[in-house]
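Just so it is clear: chains get the letters A, B, ... in the order the sequence lines come, proteins before strands, and each one is counted from 1. Worth saying up front: this structure is predicted, and the values here are computed from it rather than measured.
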Number of protein chains: 2
Amino acid sequence: MPRTAAGLVRQHGPGALTTRGLAAEPGTAVTSVHWHVGGREALLGALAERTVAGLGGFRPTGRTPEQRVLSVARALRRRLRDRPHPAALVHERGLTDRMFLPARRVLAREAHAAGLRGERAAEFVRAVRFQVVGHVLVERERAPARHPAGEESWGAVSAGDDPALARAPAHPVDTERLLTTPVGALVRALPAAREELPCADGHPGSR
Amino acid sequence: MPRTAAGLVRQHGPGALTTRGLAAEPGTAVTSVHWHVGGREALLGALAERTVAGLGGFRPTGRTPEQRVLSVARALRRRLRDRPHPAALVHERGLTDRMFLPARRVLAREAHAAGLRGERAAEFVRAVRFQVVGHVLVERERAPARHPAGEESWGAVSAGDDPALARAPAHPVDTERLLTTPVGALVRALPAAREELPCADGHPGSR
DNA sequence: ACCTGAACACCGTTCAAGT
DNA sequence: ACCTGAACACCGTTCAAGT
């Protein structure tokens with residue numbers, strides 16, 4: 001059970017953060033937290049800012065643009081998944097763009113390396129942002145309520161002719177592939193996605 | 001200003017729904033709404049169910065699997081965007097899977113038509129679900145707080161050699177393309193994505 | 001500068017009591 | 001069966017008052 005506001009949001013989400021509960025722990029008065037941080041909204045805003053600031057940078061790994069873009073997408077996914085509640089808080093407060101900034105830098109470089117220029121490169125980077133952030137937001141969904149319709153539907157599409165599809169949702173899903181497959185397809189559609197980079201173009205960690 | 005609970009959530013989100021406010025409008029007592037719908041949580045649950053039920057079916061248009069899958073993705077995006085708050089409510093309550101059910105049926109058919117079978121088809125359909133739902137959740141972000149870092153960053157990646165990329169976020173973004181581009185790339189990676197379907201396979205609205 | 005208690009205006013929910 | 005008022009346990013916030 002965390003005592004700090006950050007730990008509270010991290011573990012149980014913004015809904016668990018109350019000014020009164022916060023003050024009750026160290027035994028201070030409710031109103032003092034107001035004096036210090038300026039109220040609940042301001043505190044959540046500060047936590048969102050802290051999350052953005054603490055996200056860190058990215059060092060793409062791999063030789064092709066596809067590998068390198070995927071490594072960034074995976075790293076960002078992992079960091080956001082580690083803190084789903086703060087990540088959603090950042091998103092709700094309109095700070096996603098700034099949170100994505102470190103990743104955007106390296107992705108823009110990869111887009112250039114893959115042959116994209118100008119508005120096309122910008123759109124590619126935006127598409128990756130939507131991919132990763134959307135993926136994390138979707139995955140944050142709480143365990144779906146068990147409902148008979150879930151099983152029935154897969155079977156209905158093709159009862160006998162594809163048994164593997166019919167029982168598809170039975171075994172666990174590799175959610176990381178649900179991000180890497182589309183992002184990979186996105187990169188592979190680029191002009192020079194598969195050419196190896198001979199360490200040119202000034203890549204920092206391209207090895 | 002909507003008087004109904006559904007209209008309230010549709011326009012201003014779940015946060016705007018209070019049992020007291022709801023009872024105050026027709027002049028009844030606060031406790032009567034409790035008797036009728038069983039409390040605030042139950043009411044939100046019923047609204048989520050209603051949203052799922054009212055989503056409707058899908059008729060893919062176009063000749064190739066790519067066109068047909070994209071038409072479904074666009075249609076689902078449009079319906080969810082029309083009701084961002086109810087859509088988020090559905091997601092928060094773990095009903096996304098059931099909400100996606102009508103789309104899943106037709107997408108599974110398209111996956112089959114494009115040459116996918118079994119677990120691969122199921123993963124394709126799941127990927128499209130993540131795409132569309134994630135896209136809508138990301139786009140629901142409130143207008144980002146204007147911050148100087150936003151402009152600076154694009155320029156920093158390559159100041160002089162790509163002016164179009166540097167000023168990229170200046171003009172408005174076509175967000176629909178941020179969905180259709182990745183989904184299109186995803187479909188085009190399939191075995192028979194570009195072959196026309198000669199109305200075989202029992203498609204209902206294939207022409 | 002820092003913290004306090006009292007007070008205000010909200011919540012959701014329960015429950016015994018009415019008709 | 002349907003609705004009520006009173007009451008309880010929570011909220012966030014303000015503000016004058018203390019030290």
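A salt bridge (Lys or Arg N to Asp or Glu O under 4.0 Å) check over residues 78-89 of chain B, counting only residues at least two apart or in different chains, returns the pairs B/R81-B/E139.
Side chain of B/R68 to main chain of B/R63: no donor-acceptor pair is present (N/O by atom type, distance under 3.5 Å, no hydrogens or angles). Judged purely by atom type and a 3.5 angstrom limit, B/H91 has no side-chain atom pairing as donor or acceptor with the backbone of B/A87.
Applying the 6.0 Å contact sphere to CZ of B/R140 captures more than 12 heavy atoms from other residues, nucleotides or ligands. Atom CZ of B/R120 is surrounded by 12 or fewer heavy atoms from other residues, nucleotides or ligands within 6.0 Å.
Using a 4.0 Å heavy-atom criterion, one finds that A/S32 contacts the bases of the nucleic acid, with or without backbone contacts as well. If you check every strand for non-hydrogen atoms under 4.0 Å, A/L17 touches sugar and phosphate atoms only. Residue A/T31 is in base contact, counting any heavy-atom pair closer than 4.0 Å across all strands shown. The residue B/R40 sits close only to the backbone: its heavy atoms come under 4.0 Å of sugar-phosphate atoms, none of a base.
For B/E176, the salt bridge (charged side-chain N to carboxylate O under 4.0 Å, His left out) partners at least two apart in sequence or on another chain are B/R77. Under the rule for a side-chain hydrogen bond (donor to acceptor under 3.5 Å, both in side chains), the partners of A/E41 that lie at least two apart in sequence or sit in another chain are A/R93. Remark: A/T28 pairs with A/S32 by the side-chain hydrogen bond (donor to acceptor under 3.5 Å, both in side chains) rule, at least two apart or across chains.
Scanning DNA chain C 5' to 3' for nucleotides with an atom closer than 4.0 angstrom to a non-hydrogen atom of chain A gives a first and last hit of C/dC2 to C/dA7.
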Worksheet entry | Dot-bracket encoding of pairs in DNA chain D, which uses [ ] for pseudoknotted crossings and | for another strand, Watson-Crick or G-U under 3.5 angstrom | ||.|||||...|||||.||
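Nucleotides of DNA chain C nearest to A/H36 and A/R20 differ in position, and the one nearer the 5' end is that of A/H36.
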